[in-house]
**Q** 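Supplied in structure tokens, the structure appears directly below.
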Amino acid sequence: RVLSVGPKGWQMSINFGQVEAHKDGERRYIYRFRNMPAFLDTVTLGVLEGAIRMTGERGSYRIARRDIGDRDIEIRW
């Protein structure tokens with residue numbers, strides 16, 4: 001459930017870009033960041049890792065850079 005509402009946190013804390021979360025299987029989410037020229041690889045990944053750890057699970061993460069402001073993060077646990 002935490003991963004499904006995560007984009008609302010970004011929308012409340014920043015005033016640029018878009019974040020979407022898509023459930024893609026039983027234990028897999030894809031987060032899509034668009035028009036966000038920020039350090040998504042460090043800050044954002046840490047937030048997502050913390051959300052997974054709070055559930056007692058260990059996750060794996062893959063980042064796909066589309067361009068300077070667009071990235072997808074695949075989350076599996």
Side-chain angles (χ1 to χ4, degrees):
R1 170 108 168 103
V2 171
L3 292 176
S4 68
V5 297
K8 290 183 183 187
W10 271 282
Q11 292 169 358
M12 292 171 58
S13 63
I14 59 173
N15 62 358
F16 60 90
Q18 300 88 35
V19 181
E20 297 177 350
H22 300 277
K23 186 171 182 167
D24 191 34
E26 183 64 30
R27 298 170 65 92
R28 181 175 183 248
Y29 261 84
I30 304 291
Y31 266 57
R32 291 189 172 96
F33 296 85
R34 298 297 180 259
N35 300 310
M36 249 192 216
F39 294 107
L40 296 179
D41 301 355
T42 54
V43 175
T44 302
L45 193 54
V47 170
L48 295 170
E49 285 177 317
I52 294 294
R53 285 190 183 180
M54 290 298 293
T55 67
E57 298 282 347
R58 291 189 64 127
S60 65
Y61 312 88
R62 277 196 319 186
I63 298 171
R65 292 180 185 96
R66 306 295 176 204
D67 66 29
I68 193 167
D70 296 349
R71 287 174 177 69
D72 295 343
I73 299 178
E74 176 191 54
I75 307 155
R76 293 178 180 257
W77 68 97

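Hydrogens, waters and symmetry mates play no part in the numbers below; they use all other heavy atoms, side chains included.
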**Q** Could you pull out all donor-acceptor pairs under 3.5 Å where a side-chain atom in residues 3-16 meets a protein atom, sequence neighbours excluded?
**A**
residue	atom	partner	partner atom	Å
Ser4	OG	Arg1	O	2.7
Ser13	OG	Gly9	O	3.0
Ser13	OG	Trp10	O	3.4

**Q** Could you tell me whether Arg34 and Asp72 make a salt bridge, using a distance below 4.0 angstrom between a side-chain N and a carboxylate O?
**A**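 Looking at Arg34 and Asp72, the cut-off is met.
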
**Q** Check the hydrophobic clustering (I, L, V, M, F, W, Y; side-chain heavy atoms under 4.5 Å; chains of links allowed) and say if Ile30 and Ile52 are grouped together.
**A**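 They do not share one cluster, since no chain of ILVMFWY contacts under 4.5 Å joins Ile30 to Ile52.
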
**Q** Over all heavy atoms of both residues, which pair between Ile75 and Tyr31 is shortest? Give the atoms and the distance, please.
**A**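 Shortest heavy-atom contact: CD1-CD1, 3.7 Å.
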
**Q** Of all heavy-atom pairs between Glu26 and Trp77, which one has the smallest distance, and what is that distance?
**A**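 Nearest pair, atom of Glu26 first, then Trp77: O-CZ2, 4.3 Å.
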
**Q** Should Val2 and Ile73 be counted in the same cluster of Ile, Leu, Val, Met, Phe, Trp and Tyr side chains packed under 4.5 Å apart?
**A**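 Not linked; separate clusters.
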
**Q** Is the count of non-hydrogen atoms from other residues, nucleotides or ligands lying under 6.0 Å from Arg27 atom CZ greater than 12?
**A**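 Enclosed.
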
**Q** Given side-chain contact (heavy atoms from CB on, under 4.5 Å), test Leu48 with Tyr29 step by step and report yes or no.
**A** CA-CA 11 Å; Leu48 295 170; Tyr29 261 84; over 6 Å; no

**Q** Identify which one of Gln18, Glu20, His22 satisfies the side chain to side chain donor-acceptor pair (under 3.5 Å) criterion when paired with Arg32.
**A**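 Of the listed options, the one satisfying the test is His22.
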
